[in-house]
Amino acid sequence: MPEGHTIHRLARKHREVLAGQTVATASPQGRFSTGARRLDGQTLEAVDAHGKHLFYRWGRGETLHVHLGLFGRFRLHRSQPPPDPTPNTRFTMTGDEVAVYLAGPTVCELVDPAEEAAILRRLGPDPLRAGSGAVKLAQFTANLSRRRIPIGAALLDQRVIAGLGNIYRAEVLFRTGIDAQLPANRLSADAASRLWTESATLLRQGRRDGRIITVDPADVGARRRRDLDRTERLYVYKRTGEPCRRCGTPVSMTEMANRSIWWCSSCQPKGAGS
DNA sequence: GGGTGATGCTGAG
DNA sequence: TCAGCCTCACCCC
């Protein structure tokens with residue numbers, strides 16, 4: 001579930017259904033009991049997303065920091081009364097009309113301003129946050145220039161760019177025709193700029209659609225994005241050995257930064273992007 | 001019912 | 001570099 005587009009979507013959704021309300025909070029699992037007791041009955045004032053991190057701002061000045069990690073998941077229930085949370089539910093927020101349940105997060109903690117600032121300092125520019133695109137592109141380019149690791153690994157490093165995950169890194173490199181093995185500091189300014197723009201475009205579409213679709217419909221003989229079926233939405237991710245949608249070359253797979261990465265050796269030839 | 005993998009990240013070595 | 005952590009859906013028996 002959770003690459004940056006999902007996180008920003010959650011922030012918007014939770015703001016929409018809970019902000020301005022007095023919220024009842026609890027930790028059925030018990031691992032966040034102290035925090036849940038502190039927040040219980042407070043007004044949720046705002047919800048911010050930065051990369052893959054969520055910040056919930058409460059009436060008495062407290063901030064809840066949530067990071068879903070690989071397994072974390074929010075569920076939103078509109079039924080009255082909401083269903084009983086499962087025993088593993090870390091945290092629940094119940095407002096006037098909805099209940100939001102959180103299970104399996106890597107992080108669910110209260111943070112003070114200094115701690116929050118430290119988290120943000122570790123994050124690179126987030127294409128989905130407001131702010132000057134030119135400034136963020138310059139930061140991204142500078143971050144790349146300082147790293148000798150392959151660009152495929154750099155894109156997963158949240159200090160370089162915040163919000164991309166394993167699906168987007170493979171798809172963005174395919175769409176820009178860049179060799180995933182190319183050292184980040186050897187990328188041309190033009191290639192870096194295309195990577196940034198492509199990342200921003202795909203993340204924005206993902207936030208809008210609620211799913212990751214990177215394929216141009218014409219490449220699979222469809223007219224509209226919405227006509228793509230489940231198996232046609234991505235170019236290379238998890239398509240080992242299947243024909244490239246543009247040139248027919250079998251898609252390759254290898255490990256990079258501890259995760260599998262997929263690419264097309266014809267559309268992303270060795271050295272492309274330098 | 002058991003085994004496994006997953007869109008993430010950290011900390012020990 | 002690699003094990004470890006978190007939960008759940010899905011697959012296979």
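Numbers restart at 1 for each chain; the letters A, B, ... are given by sequence-line order, proteins then strands.
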Respond yes when some side-chain nitrogen or oxygen of [X] is under 4.0 Å from OP1 or OP2 of [N], and no when none is.
{"X": "A:H67", "N": "B:dG8", "answer": "no"}
{"X": "A:Q158", "N": "B:dG8", "answer": "no"}
{"X": "A:K52", "N": "B:dT7", "answer": "no"}
{"X": "A:R73", "N": "C:dA9", "answer": "yes"}
{"X": "A:R211", "N": "B:dT7", "answer": "no"}

Which residue pairs satisfy the salt bridge (charged side-chain N to carboxylate O under 4.0 Å, His left out) criterion with at least one member in [range], sequence neighbours excluded?
{"range": "residues 81-102 of chain A", "value": "none"}
{"range": "residues 35-60 of chain A", "value": "A:R38-A:E62, A:D48-A:R57, A:R57-A:E116"}
{"range": "residues 263-274 of chain A", "value": "none"}
{"range": "residues 129-148 of chain A", "value": "A:R147-A:D157"}

Roughly, in whole Å, what's the span from [atom1] in [X] to [atom2] in [N]?
{"X": "A:F74", "N": "C:dC8", "atom1": "CZ", "atom2": "P", "answer": "14 Å"}
{"X": "A:M256", "N": "C:dT1", "atom1": "CE", "atom2": "C1'", "answer": "15 Å"}
{"X": "A:H50", "N": "B:dC9", "atom1": "NE2", "atom2": "P", "answer": "13 Å"}
{"X": "A:I167", "N": "B:dG8", "atom1": "CD1", "atom2": "P", "answer": "8 Å"}
{"X": "A:N258", "N": "B:dG8", "atom1": "CG", "atom2": "P", "answer": "12 Å"}
{"X": "A:K238", "N": "B:dT4", "atom1": "NZ", "atom2": "C1'", "answer": "11 Å"}
{"X": "A:I161", "N": "B:dC9", "atom1": "CD1", "atom2": "C1'", "answer": "18 Å"}
{"X": "A:L70", "N": "B:dG8", "atom1": "CG", "atom2": "P", "answer": "6 Å"}

- So what does A:Q29 hit on the nucleic acid, given a heavy-atom distance under 4.0 Å: a base, only sugar-phosphate, or nothing? sugar-phosphate
- Query: How would you label the contact of A:R31 with the nucleic acid (heavy atoms, under 4.0 Å): base, sugar-phosphate, or nothing?
  - Reply: sugar-phosphate
- Base-pair string, DNA chain C, Watson-Crick plus G-U, cut-off 3.5 Å on both distances, | for inter-strand, is |||||.||||||.
- Message: Can you tell me how the ring of A:H65 sits relative to the ring of A:H53, calling it parallel under 30°, perpendicular over 60° and tilted otherwise?
- Response: parallel
Should the heavy atoms of other residues, nucleotides or ligands under 6.0 Å from [atom1] of [X] be counted, would the total exceed 12?
{"X": "A:R225", "atom1": "CZ", "value": "yes"}
{"X": "A:R246", "atom1": "CZ", "value": "yes"}
{"X": "A:R211", "atom1": "CZ", "value": "no"}

- Task: Determine the interatomic distance between C1' on B:dT7 and the same-named atom on C:dT1; round to the nearest Å.
- Result: 23 Å
- Item | C:dC8 and B:dT10, which share atom name P, separated by this distance in whole Å | 23 Å
- Measure from the side chain of A:R75, starting at C-beta and using heavy atoms only, and say which of C:dC2, B:dC9, C:dC8 lies closest. C:dC8
- Going through the distances and angles, do A:Y235 and A:V220 end up as a side-chain contact (heavy atoms from CB on, under 4.5 Å)? CA-CA 10 Å; A:Y235 279 108; A:V220 291; over 6 Å; no
Would you tabulate the nitrogen or oxygen pairs shorter than 3.5 Å linking the protein to nucleotides 11-13 of chain B?
none

- Note on the structure: A:M256 meets the side-chain contact (heavy atoms from CB on, under 4.5 Å) criterion, sequence neighbours left out, with A:P150, A:A153, A:R169, A:A180, A:Q181, A:I261
- Message: A:S188: which residues meet the side-chain contact (heavy atoms from CB on, under 4.5 Å) condition with it, sequence neighbours left out?
- Response: A:D190, A:A191
- Message: With the threshold set at under 4.0 Å for non-hydrogen atoms, list the residues of residues 106-129 of chain A touching DNA chain C in residue-number order.
- Response: none
- Going by heavy atoms closer than 4.0 Å, what residues in residues 87-95 of chain A are next to DNA chain B? none
- Query: Are A:I7 and A:I161 connected in a single hydrophobic cluster, I mean Ile/Leu/Val/Met/Phe/Trp/Tyr linked by side-chain heavy atoms less than 4.5 Å apart?
  - Reply: no
- What pairs with A:S193 under side-chain hydrogen bond (donor to acceptor under 3.5 Å, both in side chains), at least two apart in sequence or on another chain? none
- Item | Basic-acidic side-chain contact under 4.0 Å: A:R204, A:D209 | no
- Residues sharing A:F55's hydrophobic cluster, by side-chain heavy-atom contacts under 4.5 Å among ILVMFWY, directly or via others? A:V111, A:I119, A:L120, A:L123
